[in-house]
Amino acid sequence: MVVSGSSDRSEIVFFDIETTVPTRPGQGFGILEFGSILVCPRKLVELESYSTLLRPTDLSLISNLSVRSNGISKDAVLSSPSFAQIADRVYDILHGRIWAGHNILRFDCARIREAFAEISRPPPEPKGTIDSLALLTQRFGRRAGDMKMATLATYFGLGQQTHRSLDDVRMNLEVLKYCATVLFLESSLPDVFTENSWVSPNAITRSRSNGKVSPDGMVNTPSSSVKIENLQTSFSDQSRDGNHPILSLMTPNTADKVPDRAESNIAGPDPFDLGIMIDEVERESLRLDETDEEESGSESESSTAAESEAPSCYAAFLKPVEVSTPSIRVSLVPFYRGTQRIQILHKDITLQLRCNHLKVRFGINRKFVDFAGRPRLNFVVDATPDLCEVLDACDKLAQRLSLDSGSSSEWRPVLTKKAGFSNSPTMRLQIPTVAAGNVARWVTEIYEKESSTTPQRLVFSRFDVEELDTLLTPGTFVDVYLSLDPYDYQQNAGIRLVAKKLIVHTN
């Protein structure tokens, strides 16, 4: 399809889609609503708007979870057009324009491409992209909290997010206007007013670990170069060339392509990747956990011979039978650059568990990758009854605190209790990785134990998942030292079970 005049389409198109929520692995997304507004880049006024509900090909994708997310039910879309019927309009709105939206690089752009692929048509291509999630994380920092649109709207007093496309698009534009204004005013204030005020910790443009910030504000990465203009430029200078503080932060689409979700996870670095932040969060989490371990009590007299040889930092890990569930409590503590996280305590000490002889149900899963493109490794084990009691108690308390603190994320239970496995709930254990430069390593200490011999520490020569595959096969038994790590990220929340130490029984 050819769009007349597409080479001279100077408007910015803010857009948002509402989709179904997948309820099982491998299930795709169905687009339920598309909304967009065309914005004049010189005055940031709305020129034109379009929105429509959409009927997905498979109505069974609209589950109760999906309805709770955006309020769009099956009945609401029964008489709505399919995506194929409005594809021409969507193409005409998007193609050849600058795309803008919140988290569009990771989500909305990928869904648009998938929708066009399903009807065997080439997708629209942007002239450039403005992802306000990455943009505001870089330039506005964490002063407004978790950077979700609902949180930003509350910060600026813009009301409640409706999770409907056109409303969310207009709210996105208003949030950007407010943020740009605040940054401009801060850059204009005398130093005496700003030296003791809160300053964005992300004021310096960040890229992946192999990207560097040059004095002129250019972020150099292997795949692209992105110019970040200085917001201290006066409005009078900008008005002469028709620019605006928001546009000065636009990402030129040098490759003339917006990567889909899969490509953005495993391909070369991109300037909006949050990998370095995730690594810093991982390291900070590990540092806090190690501090808690060093300040904890002495080793239990009932420890086995193998456990007595373990470093003293593992002395604070409790067996499930040693945990009194009434003594478990949760609280919010400072975490990464002004954010907070949920901490799970037992008698005022960070709760960490050691579990013996757990059976591996499913081996290493490497389907998912982190923002640096490394495999996010995990495996599944059967949970014992006493362990289930402890984890259920932690799960309920943490979920309640998450809701009370204003989170709108979907809570994912720490235990999986599927039909057919009712007598043996399972839990997923994470093997975290951390990077220093281009070198990645597993954080988990891994030991191998044969019969009654002393466990031997395994030293891996390289980051090789195949080596773990041969160790953690279904039916193998493991002793695990684990920490409980609550998370709230991209509308998902729960408790990660992070393996700090593994003892693999080889026979």
Side-chain angles (χ1 to χ4, degrees), residues 285-330 343-361 377-395 397-398 414-415 424-432 442-458 468 471-472 476-486 495-506:
S285 178
L286 293 169
R287 185 191 67 78
L288 292 174
D289 288 341
E290 289 167 0
T291 301
D292 292 334
E293 291 160 7
E294 291 169 1
E295 294 176 352
S296 57
S298 61
E299 185 173 1
S300 171
E301 295 178 358
S302 61
S303 299
T304 63
E307 290 166 346
S308 65
E309 295 178 3
S312 59
C313 64
Y314 292 111
F317 287 67
L318 302 176
K319 294 179 180 179
V321 295
E322 298 173 332
V323 177
S324 169
T325 53
S327 299
I328 298 173
R329 68 179 185 88
V330 295
Q343 186 178 42
I344 302 175
L345 304 171
H346 180 257
K347 297 181 179 179
D348 296 325
I349 297 175
T350 300
L351 177 60
Q352 299 175 104
L353 300 171
R354 67 175 189 266
C355 312
N356 294 331
H357 217 60
L358 300 181
K359 186 178 182 179
V360 176
R361 175 69 66 86
L377 303 180
N378 59 79
F379 64 102
V380 175
V381 298
D382 291 333
T384 59
D386 53 352
L387 179 57
C388 288
E389 182 181 354
V390 173
L391 294 180
D392 276 334
C394 295
D395 211 42
L397 290 171
V414 68
L415 292 171
S424 184
T426 60
M427 60 185 192
R428 191 174 298 275
L429 298 177
Q430 309 288 333
I431 299 179
W442 292 313
V443 177
T444 306
E445 294 182 16
I446 303 177
Y447 292 76
E448 188 176 24
K449 188 177 188 298
E450 296 182 8
S451 300
S452 59
T453 61
T454 302
Q456 299 296 316
R457 175 79 178 268
L458 297 179
L468 290 185
L471 278 175
L472 298 170
T476 302
F477 287 91
V478 295
D479 299 338
V480 184
Y481 292 73
L482 60 89
S483 65
L484 288 73
D485 182 14
I495 299 174
R496 286 197 315 161
L497 301 179
V498 180
K500 294 301 188 70
K501 176 181 174 181
L502 284 174
I503 300 175
V504 183
H505 297 263
T506 55

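If you're wondering where the values come from, they're calculated on a predicted model, not measured in any experiment.
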A cation-pi test, strictly: NZ or CZ of Lys501 under 6.0 Å from the centre of the six-membered ring of Tyr447 and no more than 45 degrees from its axis. Yes or no? yes

Set out, in order, the CA-CA distance, both residues' side-chain angles and the distance that settles side-chain contact (heavy atoms from CB on, under 4.5 Å) for Leu345 and Val330, then state yes or no. CA-CA 6 Å; Leu345 304 171; Val330 295; over 6 Å; no

Counting distance only, does the side-chain N/O of Arg354 pair as donor-acceptor with the main-chain N or O of Phe317 below 3.5 Å? yes

Check: Lys319 main-chain N/O paired with Glu322 side-chain donor or acceptor under 3.5 Å: yes

Set out, in order, the CA-CA distance, both residues' side-chain angles and the distance that settles side-chain contact (heavy atoms from CB on, under 4.5 Å) for Ile431 and Phe379, then state yes or no. CA-CA 8 Å; Ile431 299 179; Phe379 64 102; 3.9 Å; yes

Nearest 0.5 Å, what's the CD1-CD1 distance between Ile328 and Ile344? 8.0 Å

Compare all side-chain heavy atoms of Lys500 with those of Tyr314 and state whether any distance is below 4.5 angstrom. yes

Taking the side chain as C-beta and beyond, is there a heavy-atom pair between Leu415 and Asp395 under 4.5 Å? no

Report the distance from atom CG of Leu387 to atom CG of Leu497, rounding to the nearest 0.5 Å. 8.0 Å

Side-chain touch Met427/Val380, heavy atoms, less than 4.5 angstrom: no

Just by distance, do the side chain of Thr444 and the backbone of Ala499 share a donor-acceptor pair under 3.5 Å? yes

Using side-chain contact (heavy atoms from CB on, under 4.5 Å) as the criterion, point out the one residue from Val360, Leu482, Leu472 that pairs with Leu429. Leu482

Got a donor-acceptor contact below 3.5 angstrom from the Asp382 side chain to the Thr426 backbone? no

Does one side chain, of Ser483 or Asp485, offer a donor that lies under 3.5 Å from an acceptor on the other? no

Identify whether the distance between the nearest side-chain nitrogen and carboxylate oxygen of Lys449 and Asp479 falls below 4.0 Å. no

For Arg428, is there any backbone N or O sitting under 3.5 Å from a side-chain donor or acceptor partner on Gln430? no

For the residue pair Asn378 and Arg496, establish whether any side-chain heavy-atom pair is separated by less than 4.5 Å. no

Give a yes or no answer on whether the side chain of His357 reaches the backbone of Val478 with a donor-acceptor pair at less than 3.5 Å. no

